[in-house]
Each structure stands twice: as structure tokens, then as C-alpha cells.
Q: 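Got a structure for you, questions after.
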Amino acid sequence: MKHFAALIDALVYTRSRNEKLRLIAEYLRATPDPDRGWALAALSDGLDFPAVKSSTIRNLMKERVEPVLWTLSRDFVGDTAETASLLWPAPDHPPSPPSVGEAVGLLSGMTRKSVQAELPELLDRLDASGRYALLKLATGGMRIGVSGRLAKTAFAQAFDVPVEEVEEYWHGLDAPYPELFAWAAEGEPPPDIDNLPAFRPFMLAHPLEETVVDLADYAAEWKWDGIRVQLVRAGEETRVYSRSGDDISATFPELLDVLPFPAVLDGELLVRGAHQGGEEGGAASFNALQQRLGRKTVSRKMLADYPAFVRLYDVLLLEGEDLRELPWTARRARLEALIERLPESHFDLSRVVEARDFAHLAEIREGARDDAIEGLMLKRRDSAYVAGRRTGLWYKWKRDPLLVDCVLMYAQRGSGKRSSFYSDYTFGCWDGDPDSGADLLPVGKAYSGFTDEELKKLDRHVRSNTVDRFGPVRETDKSLVFEVAFDSVHASKRHKSGLAMRFPRIHRIRWDKPPHEADRIEALRALIRD
Amino acid sequence: MPAPFSWIRPEPHGIHVVPADCWIDPSRPVDKALVTHGHADHARGGHGETVATPATLAIMELRYRTGAEDEAGEVPHRAVPVEYGETIRLPGGVDATYVPAGHVLGSAQILLEHAGERVVVTGDYKRRPDPTCPPFEVQPCDIFITEATFGLPVFCHPPIEDEMAKLLDRLAAYPERCVLVGAYALGKAQRVIAELRRAGHDAPIYLHGAMEKMCRLYEEHGVELGELRLVSDHTKDQMRGAIVVCPPSALNDRWSRRLPDPVTAMASGWMRVRQRARQRNVELPLVISDHADWSELTRTIDEVDAQETWITHGREDALLRWCQLHQRRARALAMVGREDEDD
Ligand SMILES: [Zn+2]
Ligand SMILES: [Zn+2]
């Protein structure tokens with residue numbers, strides 16, 4: 001654990017990507033199995049210990065540190081795990097520290113009941129850095145600027161193997177990945193994943209921005225507003241993977257026995273409804289899909305009310321044949337042929353959008369807002385299916401965000417670096433004519449879209465225009481207008497205004513605009529597409 | 001008979017010693033000031049008369065020309081030196097004794113005695129040994145006026161030997177680079193250099209120009225700092241594998257481009273908290289402070305065992321809470337112009 005803790009500390013303080021890669025690679029080379037495998041899983045957020053939550057740590061601490069002192073400390077430090085690691089009352093003669101493997105073993109053995117007694121025993125064996133590393137590992141989300149991709153690249157660098165192969169084998173294997181290390185470090189044959197329902201890294205798109213492409217070279221498809229998934233069938237088992245390679249099969253059981261042959265398919269997971277794709281067997285808005293996300297078990301009613309299906313974009317592997325080297329046109333032909341063999345109830349094909357030229361395509365895209373489509377994808381016709389984001393092959397061309405003028409109503413302090421700033425804003429729109437006594441109703445919350453300079457100004461505005469306080473929240477005098485950008489808006493029973501925005505962020509601060517000129521709720525309601 | 005302690009009054013811009021009509025660490029010019037130490041949030045220029053230790057006065061002369069003659073040969077801002085342990089009699093029957101505070105060169109607590117009552121004003125202090133100044137001395141008193149810069153239980157300064165070892169390890173690991181240490185120009189920089197020497201590092205240490213005069217002043221007061229060189233007189237290649245010391249503000253400044261691929265370090269008690277170190281782009285945080293940490297603050301309050309503790313600046317909420325939990329009367333003074341030292 002000592003070396004792992006030192007690695008975590010070094011990563012926290014290193015900004016340079018190359019230096020991070022070097023640190024991780026060095027650790028992976030120097031550390032024996034299974035510790036290095038567990039460390040790799042922790043760095044790429046591949047570990048989960050359901051018994052250990054942030055609230056578990058808070059509870060442990062409140063038994064050991066006077067609550068007011070705990071809260072003041074936590075507010076200053078900005079992170080529960082770090083505060084606990086600093087405040088833990090260490091014994092005078094701590095028992096020997098655990099290895100990463102032992103710590104992982106102990107953590108996975110803990111239950112909601114036993115954790116209150118067992119976690120302290122583990123913490124007693126570590127110093128402050130070790131406690132920090134352990135608590136971060138146990139609660140997931142290391143948030144030290146190491147993405148899964150970076151961890152894999154570091155692995156590839158450590159043992160001088162191609163990163164694409166690492167990505168490919170990785171997802172078929174479980175932590176602590178002994179086969180992966182045997183292959184990369186000891187020169188053993190690569191792990192056999194052909195007969196495993198393993199994740200294959202996605203091909204990703206760059207934003208189009210100012211680029212103009214020739215439609216002779218690029219095909220256009222809709223970018224659907226669902227979640228990108230990979231459906232894999234191998235060895236009689238089907239799995240659904242999310243974009244990050246998480247196995248989300250349990251959330252979508254209806255997809256697990258509808259793919260009748262071995263294949264790896266790329267598509268958009270959607271929920272049936274009448275709002276996307278219209279007559280082509282439409283899908284509901286993202287809001288409906290939201291009902292299905294993140295569930296570990298799914299009720300019969302859920303399955304009936306929000307049936308999921310996959311709108312196919314691409315085919316990577318088919319009945320033992322790897323199609324990824326083929327140009328997009330050839331893969332598309334194979335996809336159009338294989339859709340015939342799939343049940344309509346659970347699959348359809350993402351249509352190719354035909355346009356005369358780029359300008360025409362732009363026009364089609366403009367009209368796309370009404371269909372609640374995220375935008376367009378442009379795919380190079382002669383390109384292979386390449387893992388990751390390679391320049392010039394795929395572009396995403398999102399429609400422009402929607403904008404609405406809202407009035408700042410409440411502000412709350414941020415956390416961490418922002419804990420001394422009022423940086424989380426709740427804003428509202430008028431429920432009628434503000435000049436004849438209408439009220440503001442909250443319509444959303446945002447904590448992004450402004451610069452550090454603007455944050456300082458906003459913080460000053462909040463402090464000098466406070467009319468009331470509720471704990472950490474301040475109510476302002478409603479004198480400041482935000483131009484808020486958002487992707488879409490949906491009906492919502494949970495909000496008093498009856499609607500919920502998707503991805504709201506502050507687009508511009510309208511210091512100049514009088515609040516009564518902000519938008520009314522009706523304007524927002526007219527944009528609902530559920 | 002006047003009410004107890006009515007002769008000492010905390011005001012927003014300093015502590016007023018009423019019968020003597022003088023101020024301790026005032027944040028604006030006054031006729032007569034008693035100054036604990038040379039840091040800018042305690043020592044200001046422009047007082048008619050400043051009473052402080054000789055070293056503090058030397059620092060104030062360097063910074064504000066306190067005690068220096070003007071063109072007309074007059075001394076507009078008089079300096080009255082007081083040695084450690086020396087007591088001076090102030091008007092109105094107040095005795096002031098300067099006692100080592102262990103914070104920086106020349107730093108003192110001021111013990112005030114009047115009508116049988118004892119008040120200690122600590123200024124800033126620490127309890128750890130420091131090769132650049134004599135150690136803090138506990139003075140039992142009736143009112144203890146303390147700082148609270150690191151007044152949260154998360155602050156626990158590790159032994160300085162550990163931090164020096166971290167610094168020297170990093171230096172050895174990158175012979176082609178240099179380690180740039182951001183350190184407060186008065187006190188911290190010289191302490192770090194002196195501790196490096198104590199740890200056996202005898203190679204030349206390079207200085208940012210803004211540090212030179214203060215280092216010379218320390219040397220004149222008997223603190224040995226070994227061979228010091230100015231960054232501006234040397235090439236990148238000459239500084240490879242060396243330690244460079246600069247003020248914290250220069251760490252991410254264009255100035256540092258003249259250095260050979262510096263590893264950015266900072267010596268400060270704030271480095272105990274990761275987010276603080278990250279905010280300053282620090283790669284090598286060194287938890288070194290010239291202030292008392294939480295255990296030193298609370299231990300000192302216990303040892304002086306005053307009837308009342310007044311807290312001047314820092315994180316007073318937590319220290320007040322601690323006092324409350326330990327049945328000690330305490331209050332926070334709202335002082336202006338006291339900022340967290342970059343310390
Ligand atoms: Zn000071
Ligand atoms: Zn101070």
C-alpha cells in the first residue's frame with residue numbers, strides 16, 4: 001500500500017500527461033502481481049465496494065472527531081476522504097500496513113454491518129497518505145486526472161505493447177488481470193477473447209466546428225439522443241456495454257436474448273416512443289430513456305412502459321470475422337444485410353441522411369431540432385473502424401444549443417477549490433407578465449459556463465445582493481440575468497415549474513439586461529418535445 | 001477600581017494599550033507601536049516610534065526605513081530596540097517584556113503587566129525548533145492573545161527532517177533539472193536554507209533577486225546560510241541539479257523560464273491540503289510552517305492557562321470551539337489587515 005499511496009500522491013501533484021504515464025508505468029513494472037493489477041483497476045475506476053460509501057466515512061469520523069470540528073475541517077479541505085485521512089486518530093504503534101491485494105480483499109469482504117468495525121482496523125494500519133489512497137480506492141472515483149485511457153496507455157508503455165491490443169483484451173478480463181500481465185510482462189500468449197463477450201473500443205468522433213467536408217467522401221447519419229452502446233454476442237452470451245466499456249447488461253435484460261448470432265454491433269440505445277425518427281419506428285426522448293438508466297434490476301412494468309431497442313450504426317465483428325479493417329461502405333453493406341436477420345422489435349437501422357451537398361445538409365440539420373435529434377454524424381466512406389478519436393475520420397455536428405434568458409434566484413457555495421465562492425446558481429423564468437406582478441419560478445441550476453474572473457464577479461454580486469439565507473444557500477434580490485444554454489427541455493413533475501432542462505450552462509452573463517426582460521415560462525414550455 | 005483588563009482593548013486595526021496610549025502590531029500609522037515581528041501584516045511603516053527587537057527593527061529599516069535618517073538628517077520614524085528578556089516601562093505604569101516567539105528572526109511575544117494583571121500577545125509563533133531564531137517561551141498569563149493561522153485539526157506539521165529528505169530525494173532523482181522552492185521571503189526561505197545545511201546539503205543554493213537582501217540580513221544576525229548565488233548571474237546549465245529559492249509569487253511566473261526545467265516545490269503549512277498545493281501548481285509540496293499547528297496551538301493554550309484566550313487571526317472558529325469544549329473562555333477579535341501569510 002505504501003508504494004500505491006506514493007503513486008497516488010505523485011499523480012495528484014503531476015500535471016504533465018507524460019509524467020503521469022511515466023509514474024504509472026514505473027509502478028506497474030516495479031510492483032508484483034496481484035497488487036499492480038488491483039492498482040490498475042483502481043486507477044481506471046474498475047473497483048466497486050458497495051459497503052464503503054462517503055457516508056460510511058462521515059459516520060466513522062463523527063464517532064471520533066467532535067462534529068463541529070469535523071464540519072469546519074471538511075469545509076476547508078473540500079473532500080471527505082482527504083479530511084478523514086488527515087484527522088484519523090492513528091494508534092501509537094500501528095500494525096503492519098496491508099498490501100493493495102490484502103486491502104482489496106478486506107474491503108470486498110465488508111458488509112454494511114461489518115464495515116463500521118472493519119474499516120477502522122484497516123485505517124489504523126496506514127499513515128495519512130495510505131489512508132487517503134485507501135479511502136479513494138474504496139469509495140471509487142479517484143479523480144486524480146487519470147482516465148481509463150491514460151491507465152491503459154501507461155500499461156502499454158510499461159511493457160512496450162500496442163495500446164489498441166491492451167484496450168481490446170482489457171475489457172474481456174477481470175481485475176487484477178493476471179492474463180494481461182502474463183502476456184505483456186512475461187511474453188505469454190495473449191488472452192483468448194474471441195470466445196468471450198468482450199468489449200471492443202469504440203470509434204469516436206471529433207466536433208466538426210469550422211470544417212467543411214465533401215459529401216462525396218463522407219456519409220451523413222443522424223446522431224440520436226440516446227446512449228451509445230456496444231452489443232456483443234460470443235460463446236452463447238450477450239452483453240451490453242456503455243461507451244466507457246461498463247457492462248450494463250443487467251439494466252437492459254430485453255436485449256440479452258435477441259441477437260441470434262455471434263457479433264459485435266455498435267448502435268444507439270433508445271426507448272420506444274413517437275418522438276424520434278417519426279414514422280421510422282420512433283423513439284421517445286432522452287427523458288424516457290432516463291427512467292431506465294442506472295438500474296440494477298428492472299421491473300416488468302419498466303420493461304413494458306419503456307421498452308429499449310438499438311438503432312444500429314455499425315458492425316465490428318460478425319460470426320468470427322473481424323470487419324474493422326474494411327471501409328465504412330463495406331461495413332455498411334454488411335450491416336444492411338444483417339438487419340434482415342434481426343427482430344424488428346429490438347433493432348432498426350440508423351438511416352443514412354441523403355443531401356445534395358454540404359449546404360443542403362446544413363439545412364436538413366437546422367430542421368432537425370424539431371425531431372429532438374442531437375445532430376449529425378459525418379463518417380468517412382473509406383475509413384476503417386478505428387478505436388478512439390482519430391482526426392479526419394468521423395465528425396459530430398451537433399445542433400446549436402437552445403438559449404433562454406433567466407434570472408438568478410439562489411446561489412450556493414461550491415466545493416473544493418470553489419468552497420469559498422458562491423458558484424452554484426439556481427435561476428428562474430417569469431410565470432406571467434413581470435410588470436403585472438408575476439413571480440419567478442426556478443427552472444434550472446448551473447455551475448459552469450463562466451470564467452474564473454466572472455466567478456469572482458458573480459460571487460461579489462451574490463454577497464452584496466443577498467436578501468435571505470438558508471444554511472449554505474443565499475437568496476439574491478433577483479437583479480441579474482443569465483443567458484442560459486441547454487440541449488433540450490422536458491416536462492417534469494419533480495419541479496414546480498413543470499419542466500427540466502438538459503445540460504443547462506451559463507452562456508453569457510447579462511449584466512446589462514433588466515430582469516423583467518428575462519423570458520417567461522411559456523417560452524420554455526414551447527420547447528418541450530416529450 | 002477600574003474593571004479588570006479594561007486597560008487593554010482590541011480594536012479593528014490593532015491592540016490598544018490604553019494607559020500607555022500605544023498599539024501592538026497596528027495596521028495603520030500610530031504615534032507609538034510595539035511590533036512583534038517583521039511580517040507585513042504585523043509590521044507597517046510610518047509609526048512615530050516603533051519598539052521592537054533589534055532584528056525586527058533591522059528588518060523594518062530594510063523595508064520601511066524605520067529608524068533611518070532622512071535627507072535632512074532627522075529620524076522621522078524612531079526605533080527603540082528591546083532585547084529578548086528585557087522589560088521596558090511604558091507610560092501609565094505598563095511594563096512590556098519581549099519574549100522569544102520562535103516564529104522568524106527577531107520575532108517576539110509581548111508580555112504586558114499592569115495593575116497586577118498579565119497579558120501576552122503572541123504575534124505569530126511556533127513551538128518547533130528553528131535554527132534561525134530562539135525557541136518560544138511559555139509565559140503564564142491572565143489573558144492570552146494568540147494567532148490561529150493553522151487553527152484546524154487537519155493541520156499537523158510533520159518533522160522538518162522528513163520534508164528536507166523529500167526535497168533532497170527529489171533533487172537527486174532529477175540531476176538534469178533543478179528544484180525550485182517557493183518560500184516566504186522573510187523567515188521561511190532562510191529557515192529552509194539553514195535546514196538544508198543542517199541536513200548536509202552544502203552545494204551552492206540559488207536565489208531569486210528579491211531574496212538576497214533578507215538573506216544577507218539574516219547572515220549579519222549570525223544565521224549561517226552557506227554559499228548563496230543569484231539566479232540572474234548564472235546560466236541554465238550551471239543550475240542543473242541545484243536548489244533554487246524564490247518567493248511563492250514567482251513560482252509560476254515567467255521568471256522561472258530561465259531555470260532548467262524546474263520541479264516546482266513550495267514550503268508552506270498549507271501544503272498539508274492537496275487542493276491547496278494543486279491550486280498553486282505545486283509538484284512537490286513541503287509541509288513546513290513557521291506557525292503553530294493545531295496541537296501546538298491547543299497545547300500552548302493549556303500551558304499558559306489564562307483566564308481568557310483572545311484569537312487575533314486565522315481560522316478562529318475551530319479554535320473557539322476547542323476552547324468551548326475544554327471550558328476555556330475565549331473570543332475572536334475582528335482584526336483588519338491580517339491575511340493568511342503565504343506560510
Ligand atoms: Zn508572521
Ligand atoms: Zn500573522
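All of these numbers come straight from a predicted model, not from anything done at the bench. So you know, we letter chains A, B, ... as the sequences are listed, proteins then strands, and number each from 1.
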Q: Answer yes or no: does atom CZ of B/R329 have more than 12 heavy-atom neighbours from other residues, nucleotides or ligands under 6.0 Å?
A: no
Q: Show, in sequence, the C-alpha distance, side-chain angles and deciding distance for B/Q275 and A/V77, and conclude whether the side-chain contact (heavy atoms from CB on, under 4.5 Å) test is met.
A: CA-CA 7 Å; B/Q275 194 58 33; A/V77 174; over 6 Å; no
Q: Counting only heavy atoms not in B/D169 (residues, nucleotides, ligands), do more than 12 fall under 6.0 Å from its CG?
A: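 Above 12, so yes.
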Q: If you look at every heavy atom in A/E82 and B/R272, which pair is closest and at what distance?
A: OE2-O, 3.9 Å
Q: Rounded at 0.5 Å granularity, tell me how far CG in A/L87 sits from CH2 in B/W294.
A: 10.0 Å
Q: Should B/R274 and A/D79 count as an ion pair when the cut-off is N to O under 4.0 Å?
A: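 Result for this pair is no, no salt bridge flagged.
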Q: Among A/L86, A/T14, A/V68, which has the most heavy-atom pairs under 4.5 Å with chain B?
A: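 Result: the option with the highest number of such pairs is A/L86.
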Q: Side-chain contact test, heavy atoms from C-beta onward, threshold under 4.5 Å: evaluate it for A/E66 versus B/L325 and give yes or no.
A: yes
Q: Quick check for you: among B/P285, B/A318, B/A277, which has the greatest number of heavy-atom pairs under 4.5 Å with chain A?
A: B/P285
Q: Looking at A/R64, I'd like to know if its CZ atom is crowded, meaning that more than 12 non-hydrogen atoms belonging to other residues, nucleotides or ligands lie closer than 6.0 Å.
A: yes
Q: For B/H201, I'd like to know if atom NE2 has over 12 heavy atoms of other residues, nucleotides or ligands within 6.0 Å.
A: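 Result for NE2/B/H201: enclosed.
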Q: If you draw a 6.0 Å radius around OH in B/Y174, do more than 12 non-hydrogen atoms from other residues or ligands fall strictly inside?
A: yes
Q: Can you check whether B/V282 reaches A/Y13 side chain to side chain, under 4.5 Å on heavy atoms?
A: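 Side-chain contact under 4.5 Å: no.
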Q: Got a donor-acceptor contact below 3.5 angstrom from the B/R278 side chain to the A/V12 backbone?
A: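 A pair under 3.5 Å: yes.
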Q: The criterion is side chain to side chain contact (heavy atoms under 4.5 Å, CB included); which residues satisfy it with A/A133, sequence neighbours excluded?
A: A/M1, A/F4, A/A5, A/I8
Q: Under the side-chain hydrogen bond (donor to acceptor under 3.5 Å, both in side chains) rule, collect the residues that match up with A/E118, sequence neighbours excluded.
A: A/S114
Q: If you measure from CG on A/L69 to CG on B/L152, what distance do you get to the nearest 0.5 Å?
A: 8.5 Å
